[in-house]
There are 2 protein chains.
Amino acid sequence: MDQPDGAAPAQDRKAPATIYDIARHTGVSPSTVSRALNKPGRLNPETERRIREAAKELGYRINPMARALPTGKTGTLGLIVSDITNPVYFDLVRGAERVASEAGFTLVFADSQESSELEHTTAERLQSYVDGLLLVASRLDDRRIQELSSVKPVMMVNREVPGIPAVVPDVRPGITDALGRLRRLGHRRIAYLSGPQLSWLNGQRWQTLFELAVEWDMSIVEVKSTAPTREGGAEAFQRVKAAGVSAVFAYNDLVALGLLRECREHGIDVPGRLSIIGFDDIFGADLPTPALSSIKLPLAEIGGKAVRRLLAELDGTQGGTEIVLQTEFISRESVAEPQA
Amino acid sequence: MDQPDGAAPAQDRKAPATIYDIARHTGVSPSTVSRALNKPGRLNPETERRIREAAKELGYRINPMARALPTGKTGTLGLIVSDITNPVYFDLVRGAERVASEAGFTLVFADSQESSELEHTTAERLQSYVDGLLLVASRLDDRRIQELSSVKPVMMVNREVPGIPAVVPDVRPGITDALGRLRRLGHRRIAYLSGPQLSWLNGQRWQTLFELAVEWDMSIVEVKSTAPTREGGAEAFQRVKAAGVSAVFAYNDLVALGLLRECREHGIDVPGRLSIIGFDDIFGADLPTPALSSIKLPLAEIGGKAVRRLLAELDGTQGGTEIVLQTEFISRESVAEPQA
DNA sequence: CCCTGACAGTCAATCGATTGCCGCTCGATC
DNA sequence: GATCGAGCGGCAATCGATTGACTGTCAGGG
């Protein structure tokens, strides 16, 4: 501290109490204090009580850094998402946060702005702080993820990587339901407005749609979008229109929302001329007119389960297999039978 | 580690390299390594080069815990928001994150679920991890905040507390513009659908509206909402309707959105019969029909500035006074002249 | 009466990095 | 040629908590 004396800038902070203070206060040794606080029952109940009391009195708060040094455990988990401004992550983050703090863990949180490079940097930086990492919809390649996981436990969310534990949704139920509905309404030719090539979920969605469409004898085309955002959706409008389909699935609700808005602006009737279905059922999907139909992920549950699973991994109680959660089709106004 | 031998649960993680490894590798002492890495120029350039090289080669990553112990600095900032599922925090969080990571700091992030109690617990827990705390729209009372700030630096965002540095918006420009517009359109009787009593911004908004309305000779009433959410807004519909006003400001966009939807469902024409204006201009405000007008906060900027200011506080270069940022009225379809 | 062992508490090493102080070397200065 | 000081690097203490090994005590069993 090189503060100019006499001119302490802010109020002076009192140094926090340590186990040494408590030890002095109660006339025992620091190691006894440590045990009193961490290994209930190891000590004489009376001694333990006295120590606990003194700790309370002195306002003792454990110093996590100091503890982390010998134990190697920080009590902290890292969560990296691809884009924090995507509402889809709300519930996921909250679910994760809840479970983590119930378990006495702290969540550290970062976003990679859809950049694989930035994600890597961030992951490495975070890794030295945390006990384990949650990678949500990671854009990293398998090798890099495996590297990361050779340093500290890594849990994948919404993505699968060989050898790495994961919590993922099963997109099939939701898609089956949605596509079935379209089919019954009379749609025969549909499009998939796709997302980032590096997105595992994008692959899943396309794959599943494709297989089902083929199986049900519907025709399907992929239309590429430039970005998984509202802008990306809007920008793809002409290509979707040109594809001559009666219904379109969009990679996610942001894209769907962008497309929907653009349709309206160009006087394309939704759902009359084009039915639109998004994925994720984010905040706001129900706001536009027509309200957007979407295939919903149980995000909060995914976040919670992912943390729980990572926590289990941490103390060796590994869950083993991968966890899969179901999706659900939320039908709103953006779907109807195609105009003759 | 009490792993059952022979059955190592996951792949074994290699211990990360330390300065001791580097020291051995290059034949110098650990302290020299430390200096090479932290005090460029202090050492013989050649020695420094060799050490840096070895560090790179061994994949050395500093152990933040170990560093934090002697220095007391963790390189980490805590950010607590009242409700992470409120889209208003997106940009704020992202702005904060960006500045923090540019400065080599890591953001730890938590939400208090609108609970003052939970916020307090969280703040205390976080405080032992971080160098400083950012409290966004805190629901804590002044005394508790001052307590927190006597332990480690605290920066208030969207709230003022005596003696604590803050970054806040000036709601006046946006409100003036919006209210002026209403007045010119012919509105004379307006309502404010208020938010949480503990919210400082809620107070600011009401105060400012009230003063301006009085000054401009418009009548104004406060209608209470039960929660600062869409549900809260919907739930207040009857009370707003009963108030017999031609325009309403809502505490935030979530509330406004809820109210807007409910109006539509009850066949109340917006903006014909009722003009609605929200605050924050969150994601989705432009989605409904009619699109919601809103008074926008420069959230990303607020987040960034708050972090910068806290960082300055940390190394004594305190900015001194409080930072105030301007608001802006975003006019959309939910505002029109009142029906005769 | 001695031994065993449970129990309570202490000692001291350790985690990884930082830093004040010291010592050596060497060239410049008087 | 002795002295001084700058430059370079090492020694060892320190931050706060954890933990294996150890000591001393006391009760109960053989």
Side-chain angles (χ1 to χ4, degrees), chain A residues 1-2 13-52 54-55 58-76 104 127-129 131 151-152, chain B residues 1-2 13-52 54-55 58-76 104 127-129 131 151-152:
Chain A
M1 289 263 201
D2 49 1
R13 330 262 170 207
K14 50 184 177 245
T18 71
I19 58 168
Y20 294 87
D21 298 324
I22 302 179
R24 215 173 317 115
H25 207 75
T26 51
V28 298
S29 85
S31 44
T32 303
V33 175
S34 172
R35 287 201 236 274
L37 269 20
N38 301 310
K39 323 246 186 238
R42 168 73 165 76
L43 259 41
N44 182 317
E46 169 57 15
T47 312
E48 191 177 317
R49 198 193 51 71
R50 272 175 44 231
I51 293 179
R52 285 194 183 302
L58 297 177
Y60 172 73
R61 225 94 60 69
I62 198 170
N63 179 331
M65 315 303 151
R67 159 177 276 176
L69 208 38
T71 63
K73 308 270 121 213
T74 64
T76 289
Q127 255 195 335
S128 32
Y129 281 96
D131 292 343
V151 177
K152 294 229 176 113
Chain B
M1 288 259 205
D2 48 2
R13 330 259 170 208
K14 48 183 179 249
T18 71
I19 58 168
Y20 294 86
D21 298 326
I22 302 179
R24 216 173 315 117
H25 207 75
T26 50
V28 299
S29 85
S31 44
T32 304
V33 176
S34 172
R35 286 198 247 271
L37 269 22
N38 302 310
K39 324 245 174 203
R42 169 74 166 76
L43 259 42
N44 182 316
E46 170 57 14
T47 313
E48 190 177 319
R49 199 194 51 71
R50 272 174 45 230
I51 293 179
R52 284 196 180 315
L58 296 177
Y60 172 74
R61 225 95 58 70
I62 198 169
N63 179 331
M65 314 303 151
R67 160 177 276 176
L69 208 37
T71 62
K73 308 268 123 215
T74 65
T76 289
Q127 255 195 336
S128 32
Y129 280 97
D131 292 342
V151 177
K152 294 231 176 112

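Labels below follow one simple rule: chain letters A, B, ... track the order of the sequence lines, proteins then strands, and each chain is numbered from 1. What's counted below: heavy atoms across the whole structure, side chains too, no hydrogens, waters or symmetry copies.
DNA chain C is contacted by B:Arg67, B:Leu69, B:Pro70, B:Thr71 of residues 67-75 of chain B, taking any non-hydrogen atom closer than 4.0 Å. Of all the residues in residues 21-29 of chain A, not one reaches under 4.0 Å from DNA chain D with any non-hydrogen atom.
B:Pro40 and B:Asn38 get closest at one heavy-atom pair: CD-O, 3.2 Å. Across every non-hydrogen atom of A:Ala23 and A:Pro30, the tightest pair is CB-N, 3.7 Å. A:Glu48 and A:Gly41 make their closest contact through OE1-N, 3.2 Å (heavy atoms, listed as atom of the first residue, atom of the second, distance). Across every non-hydrogen atom of A:Arg52 and A:Ala36, the tightest pair is NH2-O, 3.2 Å. When all heavy atoms of B:Thr26 and B:Arg50 are compared, the pair lying nearest together is O-NH2, 2.5 Å. The minimum heavy-atom distance between A:Ser128 and B:Met65, with the atom names listed, is O-CE, 3.7 Å.
A:Ile19 comes within contact range of at least one nucleobase, with a heavy-atom separation under 4.0 Å. Within the nucleic acid shown, A:Thr18 comes within 4.0 Å of sugar-phosphate atoms alone, with no base atom in reach, counting heavy atoms only.
Of all nucleotides in DNA chain C, those with any atom nearer than 4.0 Å to a heavy atom of chain A start and finish, going 5' to 3', at C:dA8 to C:dG16.
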(Q) What does the B/S/- profile of nucleotides 22-28 of chain D look like, 5' to 3', with a 4.0 Å heavy-atom cutoff to protein? (A) -------
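Distance B:Glu48 CD to D:dG7 P: 15 Å, rounded to the nearest Å. Residue B:Tyr20 contributes atom OH, which lies 13 Å from atom P of D:dA12 at whole-angstrom precision.
With hydrogens and angles disregarded, no donor-acceptor distance shorter than 3.5 Å links the side chain of B:Arg67 to the backbone of B:Lys73. Not one N or O on the side chain of A:Arg35 forms a donor-acceptor pair closer than 3.5 Å with the backbone of A:Leu43.
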(Q) What verdict does the side-chain contact (heavy atoms from CB on, under 4.5 Å) test give for B:Tyr129 and B:Thr74, after you've listed the backbone C-alpha separation in whole Å, the side-chain angles of each residue and the deciding distance to 0.1 Å? (A) CA-CA 7 Å; B:Tyr129 280 97; B:Thr74 65; over 6 Å; no
Q. After noting the C-alpha distance and the side-chain angles of B:Tyr60 and B:Leu37, does the key distance pass the side-chain contact (heavy atoms from CB on, under 4.5 Å) rule?
A. CA-CA 11 Å; B:Tyr60 172 74; B:Leu37 269 22; 3.8 Å; yes
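With 3.5 Å as the limit, one finds no donor-acceptor pair spanning the side chains of A:Ser31 and A:Ser34.
The side-chain heavy atoms of A:Thr32 and A:Ile51, taken from C-beta on, include a pair separated by under 4.5 Å. Side chains of A:Leu58 and A:Ile22 form a contact here, defined as non-hydrogen atoms less than 4.5 Å apart.
DNA chain D is contacted by both B:Asn44 and A:Ala17; B:Asn44 maps to the nucleotide lying nearer its 5′ end (nearest heavy atom per residue).
Partners of A:Pro16 according to the side chain to side chain contact (heavy atoms under 4.5 Å, CB included) rule, which considers only residues two or more places apart in sequence or in another chain, do not exist here.
Across the helix from C:dC1-D:dG30 to C:dC30-D:dG1, the helix axis at one end is tilted relative to the axis at the other end by 60° (nearest 10 degrees, each axis from five pairs).
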